[in-house]
Amino acid sequence: MSLTRQEVITQIARAEELYKANLYVPMQPIMANIQENIEILGESYPADTARYYRIYMLYIGVFEELNMPVLESYLQALININEILPSDYECVCSYYKHCEEWVYEKALMTYPYNETLHIHYALKLQEEQRFEEAISTLKYILECYPALTEARFLLWEVKTARIEQLRISNEAADAYELLNLASDTHRKEILTPLQFDDNLDQADQNLARIQLTLWSNKSIDNKKQWISEWRHLELTDTTRFLLADYAKSFMMYDMVSQILAAPKEPRISRRKLYQF
(Lines give C-alpha, C1' and ligand atoms only; values in the text may rest on other atoms or scores of the structure.)
Protein backbone atom coordinates (compact mmCIF):
# COMPACT_ATOMS: atom_id res chain seq x y z
CA MET A 1 0.00 0.00 0.00
CA SER A 2 1.47 3.33 -1.12
CA LEU A 3 1.52 6.09 1.49
CA THR A 4 2.18 9.79 1.35
CA ARG A 5 4.90 11.34 3.46
CA GLN A 6 2.37 12.59 6.02
CA GLU A 7 0.73 9.17 6.18
CA VAL A 8 4.12 7.55 6.86
CA ILE A 9 4.74 10.00 9.71
CA THR A 10 1.27 9.27 11.10
CA GLN A 11 1.98 5.55 10.93
CA ILE A 12 5.29 6.03 12.75
CA ALA A 13 3.48 7.94 15.52
CA ARG A 14 0.89 5.17 15.74
CA ALA A 15 3.61 2.54 16.01
CA GLU A 16 5.22 4.53 18.82
CA GLU A 17 1.91 4.63 20.70
CA LEU A 18 1.38 0.88 20.30
CA TYR A 19 4.89 0.14 21.51
CA LYS A 20 4.41 2.24 24.63
CA ALA A 21 1.19 0.32 25.29
CA ASN A 22 2.98 -3.04 24.81
CA LEU A 23 0.65 -3.86 21.89
CA TYR A 24 3.19 -5.55 19.66
CA VAL A 25 0.90 -7.68 17.46
CA PRO A 26 -0.99 -4.67 16.01
CA MET A 27 2.39 -3.11 15.29
CA GLN A 28 3.30 -5.75 12.73
CA PRO A 29 1.20 -4.54 9.75
CA ILE A 30 1.98 -0.92 10.57
CA MET A 31 5.73 -1.56 10.63
CA ALA A 32 5.43 -3.43 7.33
CA ASN A 33 3.59 -0.49 5.72
CA ILE A 34 6.19 1.98 6.95
CA GLN A 35 9.02 -0.19 5.72
CA GLU A 36 7.51 -0.39 2.24
CA ASN A 37 7.17 3.40 2.04
CA ILE A 38 10.17 4.65 4.03
CA GLU A 39 11.97 5.80 0.87
CA ILE A 40 9.41 8.59 0.49
CA LEU A 41 11.10 10.39 3.38
CA GLY A 42 14.45 10.23 1.61
CA GLU A 43 17.44 12.31 2.66
CA SER A 44 15.31 15.43 3.02
CA TYR A 45 13.72 14.32 6.29
CA PRO A 46 16.45 12.65 8.40
CA ALA A 47 14.67 13.32 11.71
CA ASP A 48 11.54 11.49 10.54
CA THR A 49 13.63 8.65 9.15
CA ALA A 50 15.42 8.43 12.50
CA ARG A 51 12.06 8.05 14.28
CA TYR A 52 11.32 5.02 12.12
CA TYR A 53 14.76 3.51 12.74
CA ARG A 54 14.34 3.92 16.50
CA ILE A 55 10.88 2.40 16.70
CA TYR A 56 12.01 -0.49 14.53
CA MET A 57 15.02 -1.08 16.83
CA LEU A 58 12.67 -1.22 19.80
CA TYR A 59 10.30 -3.46 17.86
CA ILE A 60 13.11 -5.93 17.10
CA GLY A 61 13.88 -6.15 20.81
CA VAL A 62 10.45 -7.56 21.71
CA PHE A 63 11.05 -10.85 19.91
CA GLU A 64 12.38 -13.85 21.84
CA GLU A 65 15.03 -14.53 19.21
CA LEU A 66 16.88 -11.25 18.93
CA ASN A 67 18.17 -10.39 15.46
CA MET A 68 21.30 -8.53 16.49
CA PRO A 69 22.74 -8.02 12.96
CA VAL A 70 19.55 -6.21 11.91
CA LEU A 71 19.50 -4.19 15.12
CA GLU A 72 23.11 -3.15 14.60
CA SER A 73 22.38 -2.26 10.95
CA TYR A 74 19.68 0.18 12.06
CA LEU A 75 22.08 1.66 14.59
CA GLN A 76 24.62 2.15 11.81
CA ALA A 77 21.89 3.75 9.69
CA LEU A 78 21.29 6.32 12.44
CA ILE A 79 25.03 7.00 12.54
CA ASN A 80 25.12 7.41 8.76
CA ILE A 81 22.36 10.05 8.72
CA ASN A 82 23.95 11.83 11.70
CA GLU A 83 20.89 11.38 13.91
CA ILE A 84 22.43 9.13 16.58
CA LEU A 85 21.47 9.73 20.23
CA PRO A 86 22.87 8.23 23.46
CA SER A 87 19.61 6.31 23.91
CA ASP A 88 20.18 4.58 20.55
CA TYR A 89 23.49 3.19 21.73
CA GLU A 90 21.97 2.34 25.11
CA CYS A 91 19.22 0.34 23.41
CA VAL A 92 21.64 -1.83 21.42
CA CYS A 93 24.31 -2.09 24.13
CA SER A 94 21.75 -3.31 26.66
CA TYR A 95 21.82 -6.68 24.85
CA TYR A 96 25.30 -7.30 26.21
CA LYS A 97 25.19 -11.06 25.64
CA HIS A 98 24.83 -10.53 21.90
CA CYS A 99 26.10 -7.04 21.05
CA GLU A 100 29.39 -6.80 19.15
CA GLU A 101 32.48 -5.14 20.60
CA TRP A 102 32.60 -2.42 17.92
CA VAL A 103 29.29 -1.01 19.11
CA TYR A 104 30.63 -0.42 22.63
CA GLU A 105 33.87 1.05 21.30
CA LYS A 106 31.95 3.47 19.07
CA ALA A 107 29.45 4.31 21.81
CA LEU A 108 32.03 5.01 24.50
CA MET A 109 34.19 7.08 22.17
CA THR A 110 31.14 9.17 21.28
CA TYR A 111 29.77 9.43 24.83
CA PRO A 112 32.70 8.85 27.22
CA TYR A 113 30.77 10.02 30.29
CA ASN A 114 27.58 8.03 29.76
CA GLU A 115 27.13 5.87 32.87
CA THR A 116 24.54 3.56 31.32
CA LEU A 117 26.82 2.65 28.42
CA HIS A 118 29.69 1.90 30.78
CA ILE A 119 27.54 -0.35 32.93
CA HIS A 120 26.31 -2.25 29.86
CA TYR A 121 29.89 -2.67 28.71
CA ALA A 122 30.98 -3.86 32.14
CA LEU A 123 28.17 -6.43 32.04
CA LYS A 124 29.44 -7.64 28.65
CA LEU A 125 32.98 -7.91 30.00
CA GLN A 126 31.69 -9.78 33.05
CA GLU A 127 29.73 -12.17 30.81
CA GLU A 128 32.92 -12.88 28.84
CA GLN A 129 34.95 -13.26 32.07
CA ARG A 130 37.14 -10.28 31.15
CA PHE A 131 37.08 -9.21 34.76
CA GLU A 132 40.14 -6.97 34.81
CA GLU A 133 38.72 -4.87 31.96
CA ALA A 134 35.33 -4.76 33.68
CA ILE A 135 36.95 -3.53 36.90
CA SER A 136 38.79 -0.76 35.03
CA THR A 137 35.58 0.26 33.25
CA LEU A 138 33.60 0.48 36.48
CA LYS A 139 36.36 2.31 38.33
CA TYR A 140 36.45 4.90 35.58
CA ILE A 141 32.72 5.60 35.63
CA LEU A 142 32.76 5.74 39.44
CA GLU A 143 35.45 8.40 39.23
CA CYS A 144 33.03 10.36 37.04
CA TYR A 145 29.94 9.55 39.16
CA PRO A 146 30.97 8.47 42.70
CA ALA A 147 27.36 8.07 43.85
CA LEU A 148 26.47 5.55 41.12
CA THR A 149 25.24 2.74 43.36
CA GLU A 150 24.54 0.31 40.54
CA ALA A 151 28.17 0.52 39.43
CA ARG A 152 29.41 -0.07 42.98
CA PHE A 153 27.33 -3.21 43.39
CA LEU A 154 28.45 -4.50 40.01
CA LEU A 155 32.08 -3.71 40.82
CA TRP A 156 31.83 -5.84 43.97
CA GLU A 157 30.39 -8.74 41.94
CA VAL A 158 33.12 -8.48 39.31
CA LYS A 159 35.89 -8.31 41.90
CA THR A 160 34.47 -11.37 43.64
CA ALA A 161 34.37 -13.21 40.33
CA ARG A 162 37.96 -12.17 39.59
CA ILE A 163 39.07 -13.67 42.92
CA GLU A 164 37.43 -16.98 42.04
CA GLN A 165 39.05 -16.86 38.60
CA LEU A 166 42.46 -16.46 40.24
CA ARG A 167 41.79 -19.20 42.76
CA ILE A 168 41.00 -21.86 40.16
CA SER A 169 43.74 -20.78 37.76
CA ASN A 170 46.84 -22.94 37.39
CA GLU A 171 48.96 -19.84 36.99
CA ALA A 172 50.55 -17.99 39.87
CA ALA A 173 48.49 -15.02 40.97
CA ASP A 174 49.77 -11.54 41.75
CA ALA A 175 49.81 -11.17 45.52
CA TYR A 176 49.15 -7.44 45.31
CA GLU A 177 46.16 -7.91 43.04
CA LEU A 178 44.80 -10.48 45.48
CA LEU A 179 45.34 -8.12 48.38
CA ASN A 180 43.49 -5.31 46.63
CA LEU A 181 40.61 -7.56 45.59
CA ALA A 182 40.28 -9.21 49.00
CA SER A 183 40.46 -5.79 50.68
CA ASP A 184 37.68 -4.37 48.54
CA THR A 185 35.41 -7.40 49.02
CA HIS A 186 36.31 -8.12 52.68
CA ARG A 187 37.30 -11.70 51.86
CA LYS A 188 38.83 -12.78 55.14
CA GLU A 189 39.76 -16.25 53.90
CA ILE A 190 41.99 -14.58 51.28
CA LEU A 191 43.40 -11.96 53.63
CA THR A 192 44.38 -14.52 56.29
CA PRO A 193 47.30 -16.12 54.43
CA LEU A 194 48.34 -12.80 52.88
CA GLN A 195 49.14 -11.28 56.28
CA PHE A 196 52.06 -13.70 56.58
CA ASP A 197 53.04 -14.02 52.94
CA ASP A 198 56.63 -13.13 52.10
CA ASN A 199 55.62 -12.11 48.59
CA LEU A 200 54.19 -8.93 50.14
CA ASP A 201 56.20 -6.13 51.71
CA GLN A 202 55.80 -5.67 55.44
CA ALA A 203 53.55 -2.66 55.04
CA ASP A 204 51.19 -4.64 52.82
CA GLN A 205 51.19 -7.57 55.22
CA ASN A 206 50.16 -5.04 57.85
CA LEU A 207 47.31 -3.93 55.58
CA ALA A 208 46.01 -7.50 55.36
CA ARG A 209 46.26 -7.97 59.13
CA ILE A 210 44.62 -4.66 59.96
CA GLN A 211 41.72 -5.36 57.64
CA LEU A 212 41.14 -8.77 59.18
CA THR A 213 40.88 -7.06 62.54
CA LEU A 214 38.65 -4.26 61.25
CA TRP A 215 36.09 -6.65 59.81
CA SER A 216 36.14 -8.89 62.90
CA ASN A 217 36.26 -6.59 65.95
CA LYS A 218 34.05 -3.89 67.41
CA SER A 219 34.85 -0.29 66.61
CA ILE A 220 36.01 0.49 70.16
CA ASP A 221 38.44 -2.43 70.03
CA ASN A 222 39.82 -1.20 66.75
CA LYS A 223 40.40 2.23 68.22
CA LYS A 224 42.35 0.67 71.10
CA GLN A 225 44.34 -1.32 68.54
CA TRP A 226 45.23 1.89 66.71
CA ILE A 227 46.44 3.54 69.91
CA SER A 228 48.43 0.56 71.15
CA GLU A 229 49.82 -0.94 67.94
CA TRP A 230 48.80 0.20 64.47
CA ARG A 231 50.06 3.78 64.67
CA HIS A 232 53.56 2.41 65.36
CA LEU A 233 53.59 0.17 62.27
CA GLU A 234 54.79 0.88 58.77
CA LEU A 235 51.58 1.80 56.95
CA THR A 236 50.90 2.39 53.29
CA ASP A 237 48.79 5.36 52.26
CA THR A 238 46.08 2.85 51.33
CA THR A 239 46.03 1.58 54.90
CA ARG A 240 45.91 5.09 56.34
CA PHE A 241 43.01 6.11 54.14
CA LEU A 242 41.20 2.87 54.99
CA LEU A 243 41.61 3.49 58.72
CA ALA A 244 40.60 7.13 58.33
CA ASP A 245 37.43 6.21 56.44
CA TYR A 246 36.63 3.55 59.01
CA ALA A 247 37.14 5.94 61.93
CA LYS A 248 35.07 8.65 60.22
CA SER A 249 32.18 6.22 59.67
CA PHE A 250 32.06 5.67 63.45
CA MET A 251 32.51 9.43 64.14
CA MET A 252 35.89 8.87 65.84
CA TYR A 253 37.26 12.14 64.52
CA ASP A 254 40.18 12.29 66.93
CA MET A 255 41.39 9.02 65.43
CA VAL A 256 40.96 10.44 61.92
CA SER A 257 43.17 13.43 62.69
CA GLN A 258 45.87 11.17 64.19
CA ILE A 259 45.84 8.82 61.22
CA LEU A 260 46.15 11.59 58.64
CA ALA A 261 48.51 13.79 60.64
CA ALA A 262 51.67 12.60 58.91
CA PRO A 263 51.00 10.32 55.95
CA LYS A 264 54.03 8.60 54.50
CA GLU A 265 55.36 9.27 51.02
CA PRO A 266 53.93 6.98 48.33
CA ARG A 267 56.24 4.08 47.57
CA ILE A 268 56.49 1.76 44.61
CA SER A 269 56.49 -1.89 45.60
CA ARG A 270 58.12 -4.61 43.57
CA ARG A 271 55.40 -6.86 42.17
CA LYS A 272 55.56 -10.49 43.29
CA LEU A 273 53.49 -13.58 42.81
CA TYR A 274 51.32 -15.52 45.19
CA GLN A 275 50.56 -19.17 44.53
CA PHE A 276 47.42 -20.75 46.06
Side-chain angles (χ1 to χ4, degrees), residues 118 121-143 146 151-217 219 221-223 225-226 228-249 255-256 258-260 262-276:
H118 280 84
Y121 188 46
L123 287 168
K124 176 182 176 62
L125 295 170
Q126 181 188 36
E127 177 72 16
E128 297 177 356
Q129 297 190 9
R130 295 158 60 187
F131 300 124
E132 292 176 278
E133 295 173 76
I135 289 169
S136 297
T137 298
L138 291 167
K139 282 185 174 180
Y140 165 76
I141 201 61
L142 280 169
E143 287 180 1
R152 291 193 178 279
F153 287 152
L154 182 56
L155 181 59
W156 186 91
E157 291 180 13
V158 172
K159 286 181 176 179
T160 300
R162 174 58 177 163
I163 288 176
E164 297 309 313
Q165 186 182 56
L166 291 172
R167 293 183 73 175
I168 64 176
S169 173
N170 293 325
E171 297 181 3
D174 187 320
Y176 290 93
E177 181 184 5
L178 277 174
L179 177 60
N180 291 332
L181 290 168
S183 300
D184 293 341
T185 55
H186 302 172
R187 294 289 293 275
K188 291 189 283 187
E189 77 277 15
I190 305 295
L191 290 167
T192 297
L194 289 174
Q195 65 182 321
F196 304 112
D197 194 274
D198 293 334
N199 290 323
L200 293 174
D201 294 337
Q202 184 59 57
D204 290 294
Q205 292 180 18
N206 293 338
L207 171 58
R209 185 165 61 255
I210 288 172
Q211 289 201 80
L212 279 168
T213 307
L214 284 179
W215 315 138
S216 302
N217 288 358
S219 59
D221 294 328
N222 289 327
K223 184 174 183 179
Q225 195 87 348
W226 161 256
S228 65
E229 179 186 354
W230 294 341
R231 65 178 178 175
H232 304 296
L233 297 177
E234 179 185 358
L235 302 177
T236 65
D237 287 341
T238 298
T239 310
R240 289 182 177 276
F241 295 144
L242 169 73
L243 287 169
D245 288 341
Y246 177 87
K248 182 181 178 182
S249 67
M255 183 175 167
V256 175
Q258 293 175 43
I259 293 168
L260 300 179
K264 294 182 179 294
E265 290 293 324
R267 61 188 180 77
I268 302 176
S269 302
R270 190 166 142 249
R271 309 291 283 180
K272 301 179 183 179
L273 298 178
Y274 178 84
Q275 181 69 55
F276 285 105

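Model, not experiment: these values are computed from the prediction. When reading the values below, keep in mind they use all heavy atoms of this one structure, side chains included, and skip hydrogens, waters and symmetry mates.
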- Which residues satisfy the salt bridge (charged side-chain N to carboxylate O under 4.0 Å, His left out) test with Asp184, sequence neighbours excluded? Lys159
- Might you work through the side chain to side chain contact (heavy atoms under 4.5 Å, CB included) test for Gln205 and Gln202, ending with a clear yes or no? CA-CA 5 Å; Gln205 292 180 18; Gln202 184 59 57; 3.8 Å; yes
- Task: Verify side chain to side chain contact (heavy atoms under 4.5 Å, CB included) between Thr236 and Thr239, making sure each step is shown before the conclusion.
- Result: CA-CA 5 Å; Thr236 65; Thr239 310; 2.8 Å; yes
- Residues that Gln126 engages under side chain to side chain contact (heavy atoms under 4.5 Å, CB included), provided they are two or more places apart: Leu123, Phe131, Leu154, Glu157, Val158
- Message: In the structure I gave you, are the side-chain heavy atoms of Leu166 and Asp174 within less than 4.5 Å of one another anywhere?
- Response: no
- May I ask you to test the Tyr176-Asn199 pair for a side-chain heavy-atom distance under 4.5 Å? no
- Query: Shortest non-hydrogen contact from Thr185 to Trp156?
  - Reply: CA-NE1, 3.6 Å
- Note on the structure: One should read off an interatomic distance between Arg240 CZ and Leu260 CG, to the nearest 0.5 angstrom, of 8.0 Å
- To the nearest 0.5 angstrom, please state how far the CG atom of Leu212 sits from the OG atom of Ser183. 9.0 Å
- Query: side-chain hydrogen bond (donor to acceptor under 3.5 Å, both in side chains) with Gln165: which residues, sequence neighbours excluded?
  - Reply: Arg162
- Message: Please enumerate all residues that pass side-chain hydrogen bond (donor to acceptor under 3.5 Å, both in side chains) together with Asn222, with sequence neighbours excluded.
- Response: Tyr246
- CD1 (Ile141) and CD (Glu143) are apart, to the nearest 0.5 Å, by 9.5 Å
- Minimum heavy-atom distance Ala247-Val256, with the two atoms named: CB-CG2, 3.6 Å
- Message: Tell me whether Asp201 contacts the main-chain N or O of Ala203 through its side chain, where contact means a donor paired with an acceptor under 3.5 Å.
- Response: no
- Query: Who passes ring-ring contact (aromatic ring centres under 6.0 Å, His included) against Phe153, sequence neighbours left out?
  - Reply: none
- Task: Any chance you could measure Ser216, atom OG, to Gln211, atom CD, to the nearest 0.5 Å?
- Result: 11.0 Å
- Note on the structure: Residue set satisfying side-chain hydrogen bond (donor to acceptor under 3.5 Å, both in side chains) with Glu164, at least two apart, ordered chain then number -> Arg187
- Given Phe241 and Ile259, is the side chain to side chain contact (heavy atoms under 4.5 Å, CB included) satisfied, shown in steps? CA-CA 8 Å; Phe241 295 144; Ile259 293 168; over 6 Å; no
- Message: For Ala122 versus Ala134, what's the shortest heavy-atom pair and its separation?
- Response: O-CB, 3.9 Å
- Which residues satisfy the side chain to side chain contact (heavy atoms under 4.5 Å, CB included) test with Arg130, sequence neighbours excluded? Glu101, Tyr121, Leu125, Glu128, Glu133
- Please tell me if the side chains of Leu242 and Leu207 come closer than 4.5 Å, counting only heavy atoms from C-beta onward. yes
- Query: Pairs in or reaching into residues 178-213: which pass ring pair (Phe, Tyr, Trp, His ring centres under 6.0 Å), with residues at least two apart or in two chains?
  - Reply: His186-Trp215
- Mind checking the CG-CD1 spacing from Asn180 to Ile163? Nearest 0.5 Å is all I need. 10.5 Å
- For Arg209, side-chain hydrogen bond (donor to acceptor under 3.5 Å, both in side chains) partners two or more places apart: Asn206
- Message: Which residue in the set Leu179, Leu178, Ile210 passes side chain to side chain contact (heavy atoms under 4.5 Å, CB included) when paired with Leu191?
- Response: Leu179
- Could you tell me the separation between the CG atom of Leu214 and the CG atom of Asp221, rounded to the nearest 0.5 Å? 11.5 Å
- Query: So, does Gln195 use its side chain to make a donor-acceptor pair with the main chain of Ala208 at under 3.5 Å?
  - Reply: no
- Message: Please give me the minimum heavy-atom distance between Leu194 and Ala175, naming the atom from each residue.
- Response: CD2-O, 4.3 Å
